[in-house]
Peer 1: 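My questions will all concern the structure given below.
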Amino acid sequence: MDPAKIREKIGRFRILVIGRANAGKTTILQRVCNTRDNPNIYNNAGEQVGIILLLTCSQRGLHDIENEMVFESNRGFIFHDSRGFEAGGTSEFEKVKAFISRRSKETKMTNQLHAIWYCIPMDEACRSFTAAEKKFFSECDTGSIPVIVLFTKFDALYDVEFSKLRAEGKSRKDARELAPKQAEESFPNGPQLKFLKEVRWPPKCHVCLSNMEKDDADCRTLIERTAGTLDNEVLQQIFVSTQQTNLEICMRYAVER
């Protein structure tokens, strides 16, 4: 089926974004939607309620997970932000669970939740899993909705490896060149993936994202792996045709289908 006709019938691709403050969530969404602008925020009635509300408000009770974030540069995506969950506590966690459960039971595909991006930053202060993250992967069954873990700020690990290489006697130039590759090679054996393999409800996959603040940041792996987790062919088509950062993947899925 023509992707344009699919979008007309089904609507837009809906993603729940979970993660701590300063995990780089907004930056990643901007890259996916090819913009530097902030999203518009709409409530359940379709009324615009703000532009920066979800991006700046950290107090409990002032955020509604049902609100929809839409970037004018790409209105094909609807994002929901779980801000408030990061603060911890049973009530916030239950709200996230209820939202996922309610959306999974929607009969209309346009109202369903199609994917979850769970952002976990790798900068030095936040490298360990929080209690909220442990609780989510231990207790939250998302059913058929795929969870993709985004290890954001992955370039922070380059500095860790740079220091190790310097301690081994490498020159600054060589250490700087070798650090990214060493970080990528050592990460699969690190504690983060070990934890995710042992939880009750592991994610479908993960992706490591570095230097996302740069204009030429590459979202290709995120797009490809998200598409790969979608079992529904219609959802795959609407997702790959909606994203605007990778023409190659659009062409490949078009040929395969």
Side-chain angles (χ1 to χ4, degrees), residues 1-19 25 28-29 32-33 39-50 53-54 61-72 74-86 90-119 132 135-150 200-205 222-223 225-244 253 257:
M1 185 183 293
D2 181 8
K5 292 182 179 179
I6 292 176
R7 277 196 298 273
E8 183 178 345
K9 181 179 180 180
I10 297 176
R12 295 174 284 181
F13 195 89
R14 191 179 299 272
I15 299 174
L16 170 63
V17 185
I18 304 177
K25 294 180 291 183
I28 292 168
L29 301 188
V32 169
C33 292
N40 293 321
I41 313 300
Y42 299 90
N43 61 21
N44 263 345
E47 302 167 333
Q48 186 170 341
V49 296
L53 175 62
L54 298 187
L62 297 180
H63 169 72
D64 187 349
I65 194 173
E66 293 287 350
N67 284 343
E68 301 177 348
M69 294 192 294
V70 179
F71 290 88
E72 286 299 323
N74 190 341
R75 296 185 64 81
F77 282 119
I78 295 176
F79 299 105
H80 295 267
D81 185 1
S82 70
R83 189 176 298 276
F85 177 46
E86 67 198 24
T90 302
S91 62
E92 290 83 4
F93 177 68
E94 291 302 325
K95 287 177 183 177
V96 173
K97 280 183 65 176
F99 174 81
I100 294 171
S101 176
R102 185 167 59 254
R103 289 286 178 176
S104 68
K105 296 173 183 176
E106 288 280 356
T107 55
K108 293 183 178 179
M109 191 173 287
T110 186
N111 294 327
Q112 293 172 1
L113 183 63
H114 303 132
I116 299 170
W117 287 348
Y118 204 121
C119 300
K135 190 176 184 67
F136 179 86
F137 291 107
S138 299
E139 302 180 24
C140 191
D141 178 9
T142 63
S144 61
I145 304 169
V147 178
I148 300 92
V149 167
L150 282 58
R200 183 179 182 186
W201 305 110
K204 287 286 187 181
C205 67
L222 173 59
I223 298 301
R225 292 191 180 171
T226 300
T229 65
L230 301 172
D231 296 331
N232 187 301
E233 183 178 325
V234 172
L235 281 180
Q236 276 189 337
Q237 288 186 328
I238 194 170
F239 176 74
V240 299
S241 64
T242 297
Q243 63 85 28
Q244 299 176 349
Y253 271 82
R257 298 296 180 267

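Count residues from 1 along the sequence.
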Peer 1: Taking the six-membered ring for Trp, are Phe79 and Trp117 parallel (under 30°), tilted (30 to 60°) or perpendicular (over 60°)?
Peer 2: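 Plane angle between 30° and 60°, so tilted.
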Peer 1: From Gln237 CD over to Asn232 CG, what is the distance, rounded to the nearest 0.5 angstrom?
Peer 2: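 Output value for this atom pair is 9.5 Å.
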Peer 1: Please assess Ile18 against Ile116 for the test side-chain contact (heavy atoms from CB on, under 4.5 Å), listing each intermediate value before the final yes or no.
Peer 2: CA-CA 7 Å; Ile18 304 177; Ile116 299 170; 3.9 Å; yes
Peer 1: Is the closest side-chain heavy-atom distance between Val17 and Leu150 below 4.5 Å?
Peer 2: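 No - every pair of side-chain heavy atoms lies 4.5 Å or more apart.
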Peer 1: Using the test side chain to side chain donor-acceptor pair (under 3.5 Å), find all partners of Asp141 that sit at least two apart in sequence or belong to another chain.
Peer 2: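 Applying side chain to side chain donor-acceptor pair (under 3.5 Å) to Asp141 gives none.
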Peer 1: Between Ile100 and Cys140, what is the shortest heavy-atom contact and its length?
Peer 2: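 Here Ile100 and Cys140 meet closest at CD1-SG, 3.9 Å.
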Peer 1: With distance as the sole test, does Lys25 use its side chain to make a donor-acceptor pair with the main-chain N or O of Cys119 at under 3.5 Å?
Peer 2: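 No; zero donor-acceptor contacts below 3.5 Å.
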Peer 1: Would you name the heavy atoms of Ile41 and Met69 that are closest together and state the gap between them?
Peer 2: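 Distance-wise, the nearest heavy atoms are CD1-CG, 3.4 Å.
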Peer 1: Could you tell me whether a side-chain N or O of Gln112 sits under 3.5 Å from a main-chain N or O of Glu106, the two making a donor and an acceptor?
Peer 2: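 Side chain of Gln112 to backbone of Glu106: a pair is present.
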Peer 1: Of all residues at least two apart in sequence or in a different chain, which pass the ring-ring contact (aromatic ring centres under 6.0 Å, His included) check with Phe99?
Peer 2: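 Phe99 satisfies ring-ring contact (aromatic ring centres under 6.0 Å, His included) with His80 only.
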Peer 1: Is there a donor-acceptor pair under 3.5 Å between the side chain of Ser138 and the backbone N or O of Lys135?
Peer 2: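 Side chain of Ser138 to backbone of Lys135: no pair is present.
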Peer 1: Kindly give the heavy-atom pair with the smallest separation between Ser82 and Val96, and that separation in Å.
Peer 2: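 Heavy atoms only, the tightest pair is CB-CG2, 4.1 Å.
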Peer 1: Using the test side chain to side chain contact (heavy atoms under 4.5 Å, CB included), find all partners of Lys105 that sit at least two apart in sequence or belong to another chain.
Peer 2: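 Counting only residues at least two positions away or on another chain, Lys105 forms a side chain to side chain contact (heavy atoms under 4.5 Å, CB included) with Ser101.
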Peer 1: Ignoring hydrogens and geometry, is there a side-chain-to-backbone donor-acceptor pair from Thr226 to Ile223 under 3.5 Å?
Peer 2: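 No; judged by distance alone, with no hydrogens or angles, the pair does not exist.
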Peer 1: When rounded to the nearest 0.5 angstrom, what is the spacing between CG in Leu222 and CD1 in Ile28?
Peer 2: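 The distance works out to 7.0 Å.
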Peer 1: List the atom of Gly76, the atom of Arg12, and the distance in Å for their closest heavy-atom pair.
Peer 2: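 So the two residues come closest at O-CB, 3.0 Å.
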Peer 1: Going by heavy atoms in the side chains, are Asp231 and Ser144 under 4.5 Å from each other?
Peer 2: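 Counting from C-beta outward, Asp231 and Ser144 never come under 4.5 Å.
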Peer 1: Kindly give the heavy-atom pair with the smallest separation between Phe71 and Cys33, and that separation in Å.
Peer 2: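 The pair with the smallest heavy-atom distance is CD1-SG, 3.7 Å.
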Peer 1: Can you tell me how far the OG1 atom of Thr110 sits from the CD1 atom of Ile238, to the nearest 0.5 Å?
Peer 2: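 Nearest 0.5 Å value for the OG1-CD1 distance: 7.5 Å.
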Peer 1: Got a sec, which residues hit ring-ring contact (aromatic ring centres under 6.0 Å, His included) with Phe137, two or more places apart in sequence or on another chain?
Peer 2: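 Here the qualifying residues are Tyr118.
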Peer 1: Can you name the side chain to side chain donor-acceptor pair (under 3.5 Å) partners of Glu72, sequence neighbours left out?
Peer 2: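 Glu72 satisfies side chain to side chain donor-acceptor pair (under 3.5 Å) with Asn40, Arg75 once adjacent residues are dropped.
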Peer 1: Just so I know, are the side chains of Leu29 and Phe77 near enough to count as touching, which here means a heavy-atom distance under 4.5 Å?
Peer 2: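 Contact flag for Leu29/Phe77 side chains = no.
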Peer 1: If I take atom CD from residue Glu92 and atom CD1 from residue Ile65, how far apart are they, to the nearest 0.5 angstrom?
Peer 2: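 It is 11.0 Å, given to the nearest 0.5 Å.
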Peer 1: Between Val240, Ile78, Leu235, which is the residue that forms a side-chain contact (heavy atoms from CB on, under 4.5 Å) with Phe13?
Peer 2: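 One option only clears the test, and that one is Leu235.
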Peer 1: Check side chain to side chain contact (heavy atoms under 4.5 Å, CB included) between Asn44 and all other residues, then give those that pass, not counting sequence neighbours.
Peer 2: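 Applying side chain to side chain contact (heavy atoms under 4.5 Å, CB included) to Asn44 gives Glu66, Arg103.
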Peer 1: If the threshold is 4.0 Å, N to carboxylate O, is there a salt bridge linking Lys97 and Glu139?
Peer 2: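 No salt bridge links Lys97 with Glu139.
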Peer 1: Using every non-hydrogen atom in the two residues, find where Gln236 and Leu230 come nearest and quote the distance to one decimal.
Peer 2: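 Minimum heavy-atom contact is NE2-O, 3.1 Å.
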Peer 1: Kindly say whether Ile15 contributes a backbone atom to a donor-acceptor pair with the side chain of His114 at under 3.5 angstrom?
Peer 2: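 Side chain of His114 to backbone of Ile15: no pair is present.
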